Amino acid sequence: FKQKTAYEIMPSLVGSEMCIRDRSYGGQEVIERILFEDGGQQKTLLQLIQEKNQEQGRNPASRADVHIASGPNGEPLLTNKADGVIRMLTPNQESKDHGLRMASDVGIAAGSGDPGVAQRLEKQLGLWDVYAIATGATLSSGFFLLPGLAAAGAGAAMPLSYFLAGLVVVPGMLSLVELSTAMRRAGGIYYFLDRSMGPLVGTIGGFGTWIALILKAAFALIGVGAYLNLFLPGVEMGPIAAGFAIFFGLVNYFGAKKSGSFQVFLLMGLLILLLWFCGVGFLNSEVGNFSGFFESGSAGIIATAGLVFVSYMGLTKVASVAEEVKDPERNLPLGMFLGFGTILIIYVVGTSVMISTVGVDALAADGGVLAPVAMVAEQLVGPWGAILMTIAAVLAFSSVANAGILSASRYPLAMGRDKLLPDFFGRVGAQGTPTIGIAVTVGLILFSVTCLLYTSDAADDTPCVDLGGRRI
């Protein structure tokens, strides 16, 4: 839109005398003196904004911080920088004092000239939804797969490697929180890159991140199928993974709030099982297993920190749903750092329990045990321990897949809004979700699962994981 000042656009609506008279007091004085008609009542712009803030569950604004511009057809538009809503201003012909009335909200996406099309996603996610997405999207292979490989590299200092990797994540998280709260739009990394470095870099980053999230969700679903195959040995992993993908897609279709609530349910079940694991392991720990803590040297510890660094990458997924977070200035940073603290504690305490219970040699056998948590749990309480940790692994990988579909589907929505993809990608469905983005994302996940399983079967038909006495 062509940007204009309050003095350029308001005289045509309220008469030039008011704007000229108040010019020396600045734009805020002009805005405070203009009345709007809302449901038959005269209100200032600040009053309207404060009412909107209360509807959004946010603290009322102390001033009307707005942009005023003209639309494609010259219609006057006003954007409140706090809630990001674009409104069209029209003269109130019935008012003798030339007041203004607020027309219905006009949903105009960035770069779009199509007024009247609702583009914004509803704000449905609260603090615990953000926390569950950030935490659940991270606790998976970093805890259920990598500790065996990390023990082979860092020895008894493996918990220290996880801790150092967590410290490296903090600066990136601070930057991400700042960007997410400043540019609260669907699309996360794509939106940040496109607005800061241009469409070329944004396109590369958008498609790259979308594909990366699709592949991560596909790997998580294969993990679900692999672990459930222990209880359903006659069922192939492919149909199990495909069934879960379609189920998570349906959950996401019915709204971000339902996806967030389901994510909270998955995370709570996972945290209860991990708390049991850490508690029982602590009671059976042997401090002597930490002897030779620095035998691997600083090089081994740092190299292992680089290996397990990827265990924290799920924290960034929540940026793509920033548009749907209530009170994002509070809930985004608080939810992400609560998730980070939870993950860091589980990684450090959990890996310490593994070492103190079975020792480094058992974890690092054959280059690293691929199911370390189940192995430790089985040694602690027998076969039931392996079963409980298998359930925990299914919950963890399911959580990653659900969060992956939720966040990945927002990338085609954002790129559709900016005309990088066909317009229908940028539309919001009847359930208030990017229906086309979810459907295409789930379809690509199913395709990825099929390709990964087919490639694995063609390359090697031998079993790859020994878990609880069964090989899968």
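These figures come from a predicted structure and were not determined experimentally.
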**Q** Going by the ring pair (Phe, Tyr, Trp, His ring centres under 6.0 Å) test, name the single residue among Phe309, Tyr162, Phe340 that passes it with Tyr347.
**A**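 Of Phe309, Tyr162, Phe340, ring pair (Phe, Tyr, Trp, His ring centres under 6.0 Å) with Tyr347 is met by Tyr162 alone.
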
**Q** Ring centroid separation for Phe254 and Phe262, is it under 6.0 angstrom?
**A**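 No, ring centres 6.0 Å or more apart.
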
**Q** Quick check: are there more than 12 heavy atoms from other residues, nucleotides or ligands sitting under 6.0 Å from CD of Glu51?
**A**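 Result for CD/Glu51: enclosed.
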
**Q** For atom CE of Met197, decide whether the heavy atoms of other residues, nucleotides or ligands shown that lie under 6.0 angstrom number more than 12.
**A**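 No, the 6.0 Å shell around CE holds no more than 12 heavy atoms from other groups.
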
**Q** Please check if the side chain of Thr135 supplies one atom and the backbone of Ala132 the other of a donor-acceptor pair under 3.5 Å.
**A**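 No; judged by distance alone, with no hydrogens or angles, the pair does not exist.
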
**Q** Taking all heavy atoms of Arg184 and all of Pro328, pick out the closest pair and write down the distance.
**A**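 Looking at all heavy atoms of both residues, the shortest contact is CD-CG, 2.8 Å.
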
**Q** Check whether more than 12 heavy atoms from other residues, nucleotides or ligands sit under 6.0 Å from atom CZ of Phe424, and answer yes or no.
**A**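 Correct, the count exceeds 12.
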
**Q** Quick check, are the ring centers of Phe397 and Phe244 under 6.0 angstrom apart?
**A**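 For Phe397 and Phe244, the ring centres are not under 6.0 Å apart.
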
**Q** Counting only heavy atoms from other residues, nucleotides and ligands, does the tally under 6.0 Å from CZ of Phe265 exceed 12?
**A**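 Not buried by this count: 12 neighbours or fewer within 6.0 Å.
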
**Q** Can you confirm whether more than 12 heavy atoms, excluding those of Trp276, are under 6.0 Å from its CH2 atom?
**A**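 Count over threshold, so yes.
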
**Q** Please evaluate residues Thr357 and Asn284 with respect to the criterion side chain to side chain donor-acceptor pair (under 3.5 Å), reporting the C-alpha separation (whole Å), side-chain torsions for both, the decisive distance (0.1 Å), and the verdict.
**A** CA-CA 6 Å; Thr357 303; Asn284 292 272; over 6 Å; no

**Q** Counting neighbours of CZ on Phe219 that are heavy atoms of other residues, nucleotides or ligands and sit closer than 6.0 Å, is the number greater than 12?
**A**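 No, CZ of Phe219 has 12 or fewer neighbouring heavy atoms, counting only those of other groups under 6.0 Å.
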
**Q** Does CZ in Phe163 sit with more than 12 non-hydrogen atoms of other residues, nucleotides or ligands closer than 6.0 Å?
**A**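 Counting neighbours around CZ of Phe163, 12 or fewer heavy atoms of other residues, nucleotides or ligands fall under 6.0 Å, so no.
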
**Q** Strictly below 4.0 Å, N to O, side chains only: are Glu324 and Arg410 in salt-bridge contact?
**A**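 Result for this pair is yes, salt bridge flagged.
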
**Q** Under the side chain to side chain contact (heavy atoms under 4.5 Å, CB included) rule, what do Phe143 and Ile343 come out as? Steps first, then yes or no, please.
**A** CA-CA 10 Å; Phe143 189 77; Ile343 292 162; over 6 Å; no

